[in-house]
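Start at 1 and go down the list; that is how both ligands and their atoms are numbered.
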Amino acid sequence: MLTIGLLGCGNIGNIIAKNHVGVEIVALFDQMPERAEEMGRLCHAKAFGDIEEFLSEDFDLVVEAASVSAAQEYALSVLEHGKDLVVMSVGAFADEYFREEVTRRAAALGRRIHIPSGAIFGLDNLKIGQISGITKLLLRTTKNPRSLNMECTERMLLFSGQANECIKHYPKNTNVSVALELAAGRAVEVELWADPDVDRNVHEIFIEGDFGEATITVRNRPSPDNPSTSYLAALSIITLLKNLSEPMRIGT
Ligand SMILES: NC(=O)C1=CN([C@@H]2O[C@H](COP(=O)(O)OP(=O)(O)OC[C@H]3O[C@@H](n4cnc5c(N)ncnc54)[C@H](O)[C@@H]3O)[C@@H](O)[C@H]2O)C=CC1
Ligand SMILES: O=C([O-])CC(=O)C(=O)O
C-alpha cells in the first residue's frame, strides 16, 4: 500500500486522516506540533516537530495540505528526499520561475508532482488548452465574507485581474484559479466577490475556444472547520490518493 506523510494537520489534513482510502498515513508534520501529535493519536502515525526528520522517514509521498508558503518552502526538499508530492496549495506554482525549477528537479530525480482538481470541476478537459486555442477563461469566485475572514453588508468586488496576482492577496481562497491556469496552459482572469447573502463557496468558470463554449458553476459547501476551504477540495485529494495506485486512469 502507498505510504504517505501529511504536511499540514489542519482542516483538510483531518478530513484525509478520517476518510483516506488505499493509502496508509505514516508520518505527520505541522508548524503547530500539537496538531500533528493529536492527529498522530487519531491515525496511529508518527508526529514530527522537525521537517528534516519528517522527510527522512520512510514513506512514498508527501501530501501538502498546509499553505502556499509551505509548498514553496518545502517542495524542492521533498523531491530531494526521494518522495513524490501532492500539492493542495497549488497557488505556490503561480510563480513561473519556481514552477519551472520544481518541475526540472522532479524530472531530474524521476519524481512526480500531483495537483488535485481541488474545489472545482472541469479541470480534466480544460487541459485541451495545451493543444487547442482557448480565447476566454474567466473564474468568478463568490464567498461569504466569513470565508474571506472579513465583514461586509452587501455584495462587494474584492479583486479583478490575473490569477497570478490574485493568489498573492488571497492565498487561502484562490488556489483554484492557479489550478485552472496550469491545466489550460494560459492566463486566467479572476473576479473575487464577497457576498453576505451566499452560504456556499461559489466558483463560476467561463470558457470559450476552438472546441465551443462551456460554463461550469460549482456551489461548494464550506468545510465545517475552515469555511475558506470547500469540502470538495478534501474529497478531491482523497480521491486522487485512492486513484494513484489503480491501473486504469480516468479523465484527460
Ligand atoms: N487547490 C484547491 O482547490 C484548494 C486549496 N486549498 C488550500 O489547501 C491548504 C490547506 O487547507 P486547510 O486544511 O483548509 O487549511 P487549514 O488552515 O485548516 O490547515 C492548514 C494547516 O497547515 C499548517 N501549516 C500552515 N503553514 C505551514 C507551514 N509553513 N509548515 C507547516 N505547517 C503549516 C497549519 O498550522 C494548519 O494546521 C491551504 O493552503 C488552502 O488554501 C484549500 C481549498 C481548495
Ligand atoms: O475551497 C475553495 O472553494 C477554493 C479555495 O479556497 C482555494 O482555491 O484556495
Side-chain angles (χ1 to χ4, degrees), residues 5-18 27-40 47-52 54-55 62-75 77-78 86-94 113-123 139-144 146-149 159 163 166-183 188 190 192-194 198-205 216-240:
L6 211 46
L7 200 172
C9 303
N11 166 55
I12 290 182
N14 270 283
I15 301 174
I16 297 172
K18 288 175 190 151
L28 305 163
F29 177 76
D30 196 291
Q31 65 187 1
M32 297 172 75
E34 65 279 10
R35 290 194 174 179
E37 278 154 25
E38 193 183 331
M39 194 184 285
F48 291 86
D50 178 88
I51 190 73
E52 274 302 309
F54 166 72
L55 292 177
V62 169
V63 175
E64 178 281 324
S67 59
V68 166
S69 54
Q72 285 166 337
E73 190 174 350
Y74 301 128
S77 197
V78 168
V86 177
V87 179
M88 199 75 231
S89 307
V90 59
F93 295 129
I113 300 159
H114 306 276
I115 295 172
S117 298
I120 46 173
F121 287 81
L123 212 55
L139 169 71
R140 181 180 300 137
T141 292
T142 306
K143 293 190 179 186
N144 186 282
R146 196 177 52 247
S147 294
L148 293 153
N149 203 16
F159 180 91
C166 190
I167 189 73
K168 290 182 196 158
H169 302 286
Y170 299 97
K172 295 184 175 181
N173 284 286
T174 58
N175 285 279
V176 288
S177 67
V178 178
L180 288 168
E181 197 156 289
L182 296 188
V188 175
V190 184
L192 178 62
W193 294 81
V198 300
D199 62 354
R200 297 283 197 250
N201 293 338
V202 184
H203 301 293
E204 296 167 278
I205 305 162
I216 300 166
T217 302
V218 190
R219 298 177 48 76
N220 278 313
R221 241 173 229 173
S223 306
D225 291 337
N226 181 358
S228 302
T229 291
S230 301
Y231 182 52
L232 175 63
L235 296 178
S236 166
I237 199 166
I238 292 167
T239 309
L240 182 145

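Those atoms of ligand 1 with a heavy atom of Gly8 less than 4.0 angstrom away are 22 (O). Of all atoms in ligand 1, listed by their number and element, those nearer than 4.0 Å to a heavy atom of Phe29 are 31 (C). Residue Ala70 approaches ligand 1 through these ligand atoms, each under 4.0 Å from one of its heavy atoms: 27 (C), 28 (C), 29 (N).
When non-hydrogen atoms are compared, ligand 1 lies under 4.0 Å from the side chain of Arg35 (C-beta onward) but not from its backbone. For Ala233, every heavy-atom contact with ligand 1 shorter than 4.0 Å involves the side chain, none the backbone. Looking at Asn226 against ligand 1, only its side chain comes within 4.0 Å, counting heavy atoms.
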Where do Val62 and Phe29 land on the side-chain contact (heavy atoms from CB on, under 4.5 Å) test, with the steps shown first? CA-CA 10 Å; Val62 169; Phe29 177 76; over 6 Å; no
Please evaluate residues Val63 and Leu7 with respect to the criterion side-chain contact (heavy atoms from CB on, under 4.5 Å), reporting the C-alpha separation (whole Å), side-chain torsions for both, the decisive distance (0.1 Å), and the verdict. CA-CA 6 Å; Val63 175; Leu7 200 172; over 6 Å; no
Candidate pair Ile205 and Val176, rule side-chain contact (heavy atoms from CB on, under 4.5 Å), full reasoning: CA-CA 11 Å; Ile205 305 162; Val176 288; over 6 Å; no
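For atom 31 (C) of ligand 1, the closest heavy atom belonging to the protein is Gln31 N, 3.1 Å. In terms of protein heavy atoms, atom 23 (C) of ligand 1 is closest to Asp30 OD2, 3.3 Å. For atom 5 (C) of ligand 1, the closest heavy atom belonging to the protein is Met88 O, 3.3 Å. When only non-hydrogen protein atoms are considered, atom 20 (C) of ligand 1 lies nearest to Ala66 O, 3.5 Å.
Backbone and side-chain nitrogen or oxygen atoms of Ser69 are examined, and none is located within less than 3.5 angstrom of a nitrogen or oxygen of ligand 1. Between Ala119 and ligand 1, a contact under 3.5 Å exists for at least one N or O pair. At under 3.5 Å, a nitrogen or oxygen of Ser89, whether backbone or side chain, sits near a nitrogen or oxygen of ligand 1. Note: no N/O pair closer than 3.5 Å links Gly13 and ligand 1 by distance alone.
The side chain to side chain contact (heavy atoms under 4.5 Å, CB included) test with Leu6 is passed by exactly one of Val86, Leu28, Asp30, Ile12: Leu28.
Here the closest non-hydrogen pair linking Ser117 and Ser236 is N-OG, 3.4 Å. Residues Val178 and Val90 come closest through the heavy atom pair CG1-O, 3.5 Å. Minimum heavy-atom separation, Asn220 to Ser230: CB-OG, 3.1 Å.
Judged by distance alone, the side chain of Ser67 and the main-chain N or O of Ala70 form a donor-acceptor pair under 3.5 Å. The backbone N or O of Pro227 sits less than 3.5 Å from a side-chain atom of Ser147, completing a donor-acceptor pair. Between the side chain of Asn11 and the backbone N or O of Ser223 there is no donor-acceptor pair closer than 3.5 Å. Looking at Glu64, its side chain does come within 3.5 Å of a backbone N or O of Met88 through a donor-acceptor pair. Of the possible polar contacts, one joining the Asn14 side chain to the Cys9 backbone as a donor-acceptor pair under 3.5 Å is found.
Sorted by chain and number, the residues within 4.0 Å of ligand 2 by heavy atom are Ala119, Lys143, Lys172, Asn173, Thr174, Asn175, Val176, Asn201, His203, Ser228, Thr229, Ser230.
The heavy atom nearest to atom 26 (N) of ligand 1, out of those in Gly91, Ser67, Ser236, Pro33, is found in Ser67. Considering Leu180, Asn175, Asn201 only, the shortest heavy-atom separation from atom 7 (C) of ligand 1 involves Asn175.
Sorted by first and then second residue, the side chain to side chain donor-acceptor pair (under 3.5 Å) pairs with a member in residues 170-180 read Lys143-Asn173; sequence neighbours excluded.
Pro171 counts as a contact of ligand 1, since one of its heavy atoms falls under 4.0 Å from the ligand. Contact analysis leaves Ser230 out of contact with ligand 1, as no non-hydrogen atom separation drops below 4.0 angstrom.
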